Amino acid sequence: MKKSTAKKLLVALLAFVMTFAMAACGGGGDEKTSSGDGITIFNSKMEIQDQFEELAKQYTEETGVPVEVYYSQDTVAAHLATKYASKDPYTINMVDAKDIYTLAKEYGADMSGEAWVEDTDYAISVDDKVLGFPTCIEARGVIYNAEGIKKVTGKDFDPASITTLDDFKACLDSLVKGGMESPTAIMKEDWSLAAHYLQQVYEEREDPEAFIQGLYKGEVDLMKDEKFNALMDTFDVLKQYNYAKSSPIAAERDLSEQGLAEGTIAFMFGGNWDFAEMKKHDYIGGAGMMPVPQNVQDDYTGKLVGGGSKYIYIDGSEYTSEEKQQQAKDFLNWLVSSDAGKAFISDTCGMVSPFKSNDVECSDDLGKAVKTYADAGNLVPNYDYDPDDHYSVLGAEMQKYLADQCTREELAKAIQDYWANVTPVEH
């Protein structure tokens, strides 16, 4: 073979190899476009990780589409930011509602035309695009164990009998008198203290947005705010009867959940997600939820705070192919409409479905309680627009208050200073 012919063949071969390599890499630029070999899911709800992985296997067996479910203990926004920085995002992302207005607004695929949209009142739209798929309905309040209370008092417990803080304290005193030395528990976690308990200070008012804007502008004096003081009065009572009162910041969530499940603790502030932890122990039955009792009687008396929770968006960036986006949409529609998907939400995970067509009964006691409040229209809407560091920064301040390391005045100032020095969240 002549050298010139061999050289031409070599050049042609190299060109073919380079073209093939560029095609395999999405064109040879900086893009990394996901191929159609299945979908990845980021799950931010730790208590359902095992169940979610089993559902993924079932879906793969039924459809042939590979599905992998991942969980991270990092904060949602930080974890997903690293995935986008590495140009390798998940196909489906389970996030908090506030993240739909930031992450999904930038990266989310429009789901406006999907069948499930008409089946729920909890979808989130941004700029006329449906970007947030609601996973469940969750609510916050005081969890009680009616069986544990009855064992001490000898009487059936009626949560409707407790509407004020004075009612609540009288109940706690009767439990102490009956031998339950410390009838309450308080979770020390920053997300529970700031993203759930303190959050109600913002939510239980006629115009939460106006109140938050007042905090941003430094115009709010919390020590003169009736709702702040009412909720902190209740928090003080929870502290007073706390089983871990001597070392509240060392209290392990598992032990608190165990005491509540087994009836050695009667009350704990939390949400229906706590049942997943309670049922790991020797649950005696009788768990329910009631509103946080306050001596202030207003439009929020008798209501839990809650609504759509843990929203899903589909990555619509250049890193996820249209084929994968369609696979993700198909998966979400299957989750809503199939018998397996309905059972996964309501029975397997014991969550409250946000979809009207799901008639599978919620399998856990706290979920059933939340559904009762939701069906009756007795849920105060969540406020979903806190800055990303809200619960970590103010959670630490709430932990100080829990441990008696600061006064209420100092806590109020820390909260006001925080809001006055952060950038308002666009929504």
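As the structure is a prediction and not an experimental result, all values here were calculated from the model.
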So, does T91 use its side chain to make a donor-acceptor pair with the main chain of T40 at under 3.5 Å?
yes
Side chain to side chain donor-acceptor pair (under 3.5 Å) assessment of N333 paired with S337
CA-CA 6 Å; N333 278 311; S337 63; over 6 Å; no
So that I can tick it off, tell me whether K177 and D173 are bridged by a salt bridge, with the cut-off set at under 4.0 angstrom between side-chain N and carboxylate O.
no
Worked check of ring-ring contact (aromatic ring centres under 6.0 Å, His included) between H79 and Y70
CA-CA 11 Å; H79 179 67; Y70 298 88; 8.9 Å; no
Pair F355-F133, ring-ring contact (aromatic ring centres under 6.0 Å, His included): steps then yes or no
CA-CA 10 Å; F355 296 100; F133 170 102; 5.2 Å; yes
Side-chain contact test, heavy atoms from C-beta onward, threshold under 4.5 Å: evaluate it for D315 versus N93 and give yes or no.
yes
What is the minimum heavy-atom distance between P381 and V305, and which atoms define it?
O-CG1, 4.2 Å
Separation between CD (Q294) and OG1 (T234), nearest 0.5 Å, reads 5.5 Å
For the atom pair CZ (R140) and CG (L304), what is the distance rounded to the nearest 0.5 Å?
10.0 Å
On the ring face of F275, is K368 found with NZ or CZ under 6.0 Å from the centre and within 45° of the axis?
no
Should V65 and K324 count as side-chain neighbours, where that means a heavy-atom distance under 4.5 Å?
no
Going by the angle between their ring planes, with limits at 30° and 60°, are Y197 and F269 parallel, tilted or perpendicular?
perpendicular
May I ask you to test the Y373-I137 pair for a side-chain heavy-atom distance under 4.5 Å?
no
Can you say whether the rings of F331 and Y59 are parallel (under 30°), tilted (30 to 60°) or perpendicular (over 60°)?
perpendicular
K150 and E147 ion-paired at < 4.0 Å
no
What distance separates D190 CG from L198 CG, expressed to the nearest 0.5 Å?
12.0 Å
Non-hydrogen side-chain atoms of N145 and E262 separated by less than 4.5 Å:
no
Look only at the side chain of S338 and the backbone of L335, and say whether a donor-acceptor pair between them is shorter than 3.5 Å.
no
For Q416 and L222, indicate whether the former's side chain and the latter's backbone hold a donor-acceptor pair under 3.5 Å.
yes
Is D339 atom CG crowded by more than 12 heavy atoms from other residues, nucleotides or ligands, each under 6.0 Å away?
no
The reported gap from CG in D236 to CG in L231 (rounded to nearest 0.5 angstrom) is 11.0 Å
Find out whether V69 and Q49 are in side-chain contact, i.e. whether some heavy atom of one side chain is under 4.5 Å from a heavy atom of the other.
yes
Set of residues satisfying salt bridge (charged side-chain N to carboxylate O under 4.0 Å, His left out) with respect to D359, sequence neighbours excluded:
none
Just one of F228, Y300, W419 clears the ring pair (Phe, Tyr, Trp, His ring centres under 6.0 Å) bar with Y202, so which one?
W419
Answer yes or no: does atom NZ of K329 have more than 12 heavy-atom neighbours from other residues, nucleotides or ligands under 6.0 Å?
yes
Between F267 and F168, is a ring-ring contact (aromatic ring centres under 6.0 Å, His included) present by the stated rule, with each step listed?
CA-CA 10 Å; F267 299 99; F168 187 46; 5.0 Å; yes
Are more than 12 heavy atoms from other residues, nucleotides or ligands located less than 6.0 Å from atom CG of D128?
no
Heavy atoms of other groups near K356 NZ, more than 12 under 6.0 Å
yes
Spacing of T163 atom OG1 and N295 atom CG [to the nearest 0.5 Å]:
9.0 Å
Are the charged groups of K413 and E410 less than 4.0 angstrom apart, N to O?
no
Can you confirm whether I162 sits close enough to M290 that some side-chain heavy atom of one is under 4.5 Å from a side-chain heavy atom of the other?
yes
Closest non-hydrogen atoms of G263 and I284, given as atom of the first, atom of the second and distance, are CA-CD1, 3.9 Å
Whether the side chain of S309 engages the backbone of C136 through a donor-acceptor N/O pair (distance < 3.5 Å, no angle test) should be reported.
no
Nearest heavy atoms of T348 and Q51, plus distance in Å:
CG2-CG, 3.8 Å
Shortest non-hydrogen contact from L193 toward M187
CD2-O, 3.5 Å
Distance-minimising heavy-atom pair for Q325 and A109
OE1-CB, 3.8 Å
Quick one: does E203's side chain have a donor or acceptor within less than 3.5 Å of a partner on Y383's backbone?
yes
Apply ring-ring contact (aromatic ring centres under 6.0 Å, His included) to Y122 and Y311, showing your working.
CA-CA 9 Å; Y122 295 96; Y311 282 83; 8.2 Å; no
Can you tell me if D389 uses its side chain to pair, donor with acceptor, with the backbone of S392 under 3.5 Å?
no
With distance as the sole test, does T60 use its side chain to make a donor-acceptor pair with the main-chain N or O of V67 at under 3.5 Å?
yes
Whether K303 side chain and L379 backbone form a donor-acceptor pair below 3.5 Å:
no
Go through the steps to decide whether Q213 and E209 satisfy the test side chain to side chain donor-acceptor pair (under 3.5 Å), and finish with yes or no.
CA-CA 6 Å; Q213 292 304 318; E209 185 62 43; 2.7 Å; yes
Of all heavy-atom pairs between L394 and I415, which one has the smallest distance, and what is that distance?
CD2-CA, 3.9 Å
For E219, is the CD atom crowded, meaning more than 12 foreign heavy atoms sit under 6.0 Å from it?
yes
Exam field: side chain N242 to backbone L238, donor-acceptor pair closer than 3.5 Å:
no
Contacts of K105 meeting salt bridge (charged side-chain N to carboxylate O under 4.0 Å, His left out) (sequence neighbours excluded), chain-then-number -> none
Just do the side chain to side chain donor-acceptor pair (under 3.5 Å) check on S346 and N358 with the steps written out, would you?
CA-CA 8 Å; S346 300; N358 190 338; 3.2 Å; yes
How long is the straight-line distance from CG of L402 back to CD1 of I249, given to the nearest 0.5 Å?
4.5 Å
Check D298 with R205, please: is the shortest side-chain N to carboxylate O separation under 4.0 Å?
no
Would you say NZ of K129 has more than 12 non-hydrogen atoms from neighbouring residues, nucleotides or ligands within 6.0 angstrom?
no
Pairwise side-chain contact, S317 with Y84, heavy-atom cut-off 4.5 Å (strictly under)
yes
Criterion side chain to side chain donor-acceptor pair (under 3.5 Å) on D365 and Y283, from CA distance to verdict:
CA-CA 11 Å; D365 292 345; Y283 174 52; 2.4 Å; yes
Between D110 (side chain) and V130 (backbone), is there a donor-acceptor pair under 3.5 Å?
yes
State, yes or no, whether a side-chain contact exists between D388 and D99 at a heavy-atom distance under 4.5 Å.
yes
With sequence neighbours left out, the residues meeting salt bridge (charged side-chain N to carboxylate O under 4.0 Å, His left out) with E277 are K280
